[in-house]
Every structure is written in structure tokens, then in C-alpha cells.
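By convention in this document, chain letters (A, B, ...) are assigned in the order of the sequence lines, proteins followed by strands, and residues within each chain are numbered from 1.
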Protein chains: 2
Amino acid sequence: MKQFTKHNTRNSLRRIFLYHGLLVRLNSMGVKRVYSYNLAEGARVTPEQVRKDFSEYGIRGNRRGGYMTVLLLNEMETLFRRDRVTNVILVGMGNLGQALSKYSRFGQRGINIVATFDIDPYKQKTRDEMQVYTPGRLQEIIDRFHVTVAIIAVPDISAQEVCNELVGMGIRGIVNFSPVLLRVPEYVIVNNVNLSDEIESVIWSVYRMKEQQSLYL
Amino acid sequence: MKQFTKHNTRNSLRRIFLYHGLLVRLNSMGVKRVYSYNLAEGARVTPEQVRKDFSEYGIRGNRRGGYMTVLLLNEMETLFRRDRVTNVILVGMGNLGQALSKYSRFGQRGINIVATFDIDPYKQKTRDEMQVYTPGRLQEIIDRFHVTVAIIAVPDISAQEVCNELVGMGIRGIVNFSPVLLRVPEYVIVNNVNLSDEIESVIWSVYRMKEQQSLYL
DNA sequence: TGTGTTTTGTGAATTGTTTCACATTAATTC
DNA sequence: GAATTAATGTGAAACAATTCACAAAACACA
Ligand SMILES: NC(=O)c1ccc[n+]([C@@H]2O[C@H](COP(=O)([O-])OP(=O)(O)OC[C@H]3O[C@@H](n4cnc5c(N)ncnc54)[C@H](O)[C@@H]3O)[C@@H](O)[C@H]2O)c1
Ligand SMILES: NC(=O)c1ccc[n+]([C@@H]2O[C@H](COP(=O)([O-])OP(=O)(O)OC[C@H]3O[C@@H](n4cnc5c(N)ncnc54)[C@H](O)[C@@H]3O)[C@@H](O)[C@H]2O)c1
């Protein structure tokens, strides 16, 4: 087993997923060979970056011949567990939780939301098709489906509490949509996704760009 | 006007927003003075990082006295336009678009979704409270409300097309939730937010951590 | 007013990431 | 089958971000 000691940053992983997405499209379009500059163009990076990223994960192509699309795809899918489906639970079936639970393309990405949870009994009943469980059944479901990754979409006040429970029940990875930074043991992976920040940073970048442009008028 | 030539990375902006959030909470708790290590602890960074970030944006405190909470908050709100509300439009009122349009806390962040758009006439009618417009009225609304930032929550196939229209109508910043990298002129800011990637990167990090741990058994 | 203490602000050092430059290899052409 | 061409793979160089180290400032208290 190759060990990834150095690098392995969030950035390189992000790019790898991008390359994979592009590769799926190219493959479905019947492209047999792909070159670092093809992927680079699609991912808006340099070809060197693509090759360095692959090199980082031990993925190798043919000099002069680039990469065989199918082989590269297979290699990536094995390496990044795209060959397996991972069971995930979702806690908090409010606006965002419902949107996520209805998204039909997670399956293509190997993400399977096996169960959703909410404390609100009204939400437990009314969700069409997908069963919404009470948090009392968390441990049972986690054990039954060998769940190690959870999505938190509860209000900020409850987020840390829910997080603690989940970690206590064996969850090792959390995607947190609430606007608080969760405190977890070092063996737990957390990805904090703050949608307000994502929007606000664009707003601010636009203001800043306008200011700079007006300096040259 | 201070010019931000160097640095100004996405990372430092992200952290600045984090500090702001913490500051709002500390202020509402009646904390009068705040020190770099307070913010550092909350944001999970080093105190030096906090001070460097502030220094970067020309924010200064008192040696030994830290920062006056209210003054720092005011300074940040002026600097980062938190004192103004920015009008934003949202295109695509499917699962995700509806969740975003119902989120009530954007207002606190100075984000005001003034109008939403969808090609589906059914969606144009049924959304409670918020009016959903046909894309035919985009230019009119953009002009009327001086909109420069848009959120794209349409399917991947339509995303680039919608993006082109928006840019042609004067939009300068785009938050893109579709899983394609948009192609825009260099004067337009794009933030691609890929929720599948956010989840998948956690899944993969968990797998990897487990592998590494099993090496030491 | 002076001395000790605490905290900021920031150059310098370190660490991390991306790009460059080119040797190496494989395919193609003659 | 030798020469040419076009790609990869990767150290080295350049660049970027973070941490270190400490001087400068502000406050406390005698
Ligand atoms: N909706 C958005 O567009 C948006 C944007 C930015 C941030 N967020 C953040 O995402 C999170 C979810 O947002 P939302 O709009 O879906 O909120 P919401 O209030 O609509 O939904 C939250 C849900 O969590 C449930 N809940 C509360 N405590 C719980 C617990 N202990 N266990 C299980 N369920 C619990 C509630 O019953 C509710 O159904 C919030 O933290 C919000 O700040 C959402
Ligand atoms: N929902 C999620 O949890 C989720 C997760 C990951 C990624 N995404 C991405 O976010 C985007 C939106 O997802 P969704 O689940 O809301 O999809 P959806 O299919 O539910 O909604 C898309 C909406 O866009 C509208 N639309 C299509 N073309 C349009 C056009 N040209 N102009 C205006 N409106 C148009 C459709 O009528 C529909 O209402 C997609 O690109 C999806 O891949 C969503």
C-alpha cells in the first residue's frame, strides 16, 4: 500500500476529483487517449500541475502516448474508492437537508444517503419517499449500515451537540453545513462548508475589483 | 484607498469572515476587548495568523490592549461592506435554489436575494412568498436593482449558457453550484462550489486515515 | 516617573505549492 | 531501424503562505 505522507492537501484532492469528472465525460464521448493538457484545460490548471498531481498519487501514463482513458479512469476509481458506494447519513432535514436528500446524482459519485434524521416529528412524517428517522435511532442505523460519514445540516446552536453524539457513535468524517467550526478529536475529519461565506466572498471580490478598475479611469 | 496588491488569497478572506463571525458573537456576549489569541482559538489558527491577516488589510489594534471589540467590528464591517446590503439574484429554483431562497440568515450577512428565476412555469407559480420570474425578465431586474452578483443553481447542462447570459447582462460575480467549471471573461469573479466534491473528499480522507491507522496495528 | 509585563506588528525563516526546465521514453516518419 | 517528434515524470527554482522571533508600544502598579 502506497503511503501518502507528504502533500495530500485538500487542493490536490479537489483537483483529482475534477480530473475524474472530466475523464468520465471524455470517456463517454469515446476519447481513447487523454493528455495532461486536455485535463489541464478542463480543470483550468497547467499540464505540469496535472502530472505532478498524478505523480503524487502514483498514477503513471505513457511518455508520448499520454494516458489511456479507460485505464486511467479505472486506476482513479480504484484508488479513490469510486468503485465502492459509501453509506452516509444526513442529520437535519430542514431546507438544506431536504435539498441534499433529493439530489439524485450523489449515486454517480458513490455517495449513498442511507438515512436522514430530524428531531422535528412533523419532518419525520412528511418527507416523501425517504424515511426521516428520529435521532434516537442513530446508533442502530450507523451500526446496521456501517456508516462512518455524516452530513450535518442542523441549526448552528445544535451543531456541536449533534457532532459530539455522532463521534461518540463511531462517525469518523463530517461534512458540516452549519456556520460553526466543530470541535472534534484528531482522528475525525471535518469539512466545514459555509455557503454564506461562499457568496459573501464573491460579493467582496467584485467590490474590490470595481475599486481597482476605477483607479485607472 | 488602500490597494491590495499582494496576497489577498481566498484563504485569508475566508479567515477574515470567520473572525468577523466570532467577533459578532463575542460582542453580543458583552466582551469589550478581544485579543488575537481569542480569535485564533475560535478560528483554529495561530494568533500570528490573525495579526498577519489584519495587518494585510490595514486593521490595527493596541499593543498590550488587543482590539476594542466594537471598533474592530465597525472597521471590518466598513472594510468588507458588511454595512451595506448587496442585492443578489438566484437562477434555478430546483431543490438547492429553493433551499437557498428560504434561508433567512443571509440578511444578517448583507446578502439580499432580490429575485429568483426559473424556466419551468410550474416553479414560477408555486413558490410561496417569493416571486419566481421567467428568465425573460433578467435584464429588467438586474438593471432595476443594480445587481452585480448572481447565484447559479441550474443543472450542469444549462450552467454555461445561463452564465453567458448573465455576464452579457452586466453580472460581475457568480457563485456556481453546478458541477461544471464556468468559462468567463477575466473581469468576472467565479466561485465554483461543488457539494458532491465536499462530501466525497471527506469520504476519501476517512478511508485514507483508516488505512494509515491499520498500518500500525 | 520608572520598571515589569503583556500584546501587537512585522521582518526573517521556514514550510508548502506551483511552475520551470529538461532528461527520458514512446510513437511516427522516412 | 535511425531520426524526429511529442509526450511524460520529476528534480530544481520560483513563488506563496505560515510560523517564528523579537522590537515597539501600551498598560499596571509602585
Ligand atoms: N438553507 C441554506 O441555504 C443555508 C445557507 C447557509 C447556511 N446554512 C446552514 O445550514 C444549516 C441548515 O440550514 P437550513 O436552512 O436547512 O435550516 P432549517 O432550520 O431549515 O433546518 C434545520 C433542521 O434541523 C433540525 N434539527 C434541529 N436540531 C436537531 C437535532 N439536534 N437533531 C436532528 N435534527 C435537528 C430541525 O428540526 C430542522 O428541520 C444551518 O446551520 C444553516 O445555518 C443553510
Ligand atoms: N441539490 C443538491 O443537493 C445538489 C448537490 C450537488 C450539486 N448540485 C448541483 O446544483 C445544481 C442545482 O441542483 P438541484 O438539485 O437544485 O437541481 P434541480 O434539477 O432540482 O433544479 C434545477 C432548476 O433549474 C431550472 N432551470 C434549468 N435550466 C434553466 C435555465 N436555463 N434558466 C433558469 N432555470 C433553469 C429547472 O427548471 C430546475 O427548477 C445542479 O447543477 C446540481 O448538479 C445540487
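Using a 4.5 Å heavy-atom cutoff, the side chains of A:V147 and A:I171 are in contact.
For C:dG9, neither phosphate oxygen OP1 nor OP2 lies less than 4.0 angstrom from any side-chain nitrogen or oxygen of B:S55. Taking 4.0 angstrom as the limit, B:N62 places a side-chain polar atom (N or O) nearer than this to OP1 or OP2 of D:dC27.
The base of C:dT7 has none of its N or O atoms less than 3.5 Å from a complementary donor or acceptor on the side chain of B:R51. Counting distance only, with no hydrogens placed and no angle test, the side-chain atoms of B:R63 and the base atoms of C:dT6 include no donor-acceptor pair under 3.5 Å.
Here the side chain of B:N11 is nearest to one of C:dT19, C:dG9, D:dT18, namely D:dT18. Closest to the A:T46 side chain, of the nucleotides D:dT18, C:dT10, C:dT19, is C:dT19.
Between B:R60 atom CZ and C:dT10 atom P there is a gap of 4 Å when expressed in whole angstrom units. Going from atom CE of B:M68 over to atom P of C:dT7 covers 15 Å, rounded to whole Å. Between A:Q49 atom CD and D:dA14 atom P the separation is 18 Å, expressed in whole Å. The interatomic distance linking B:E48 (CD) with C:dG11 (C1') rounds to 14 Å, in whole Å. Distance, A:Y35 OH to D:dA6 C1': 9 Å, rounded to whole Å. The separation between B:L72 atom CG and C:dT7 atom P is 16 Å, rounded to whole Å. Here the C1' atom of nucleotide D:dA7 and the CG atom of A:L39 are 14 Å apart, to the nearest Å. Rounded to whole angstrom, the span from the CZ atom of B:R64 across to the P atom of D:dA23 amounts to 18 Å.
Rounding to the nearest 0.5 angstrom, the gap separating the CD1 atom in B:I174 from the SG atom in B:C163 is 4.0 Å.
Counting heavy-atom neighbours within 6.0 Å of A:Q139 CD, excluding the residue itself, gives a total above 12.
Residue A:G65 is out of contact with every strand shown, counting any heavy-atom pair closer than 4.0 Å. Within the nucleic acid shown, B:F54 has no heavy atom closer than 4.0 Å to any nucleic acid atom.
Between A:E56 and A:R51 there is no salt bridge, since no side-chain nitrogen of the basic residue lies less than 4.0 Å from a carboxylate oxygen of the acidic one.
Judged by distance alone, the side chains of B:S36 and B:Y67 never bring a donor and an acceptor atom under 3.5 Å apart.
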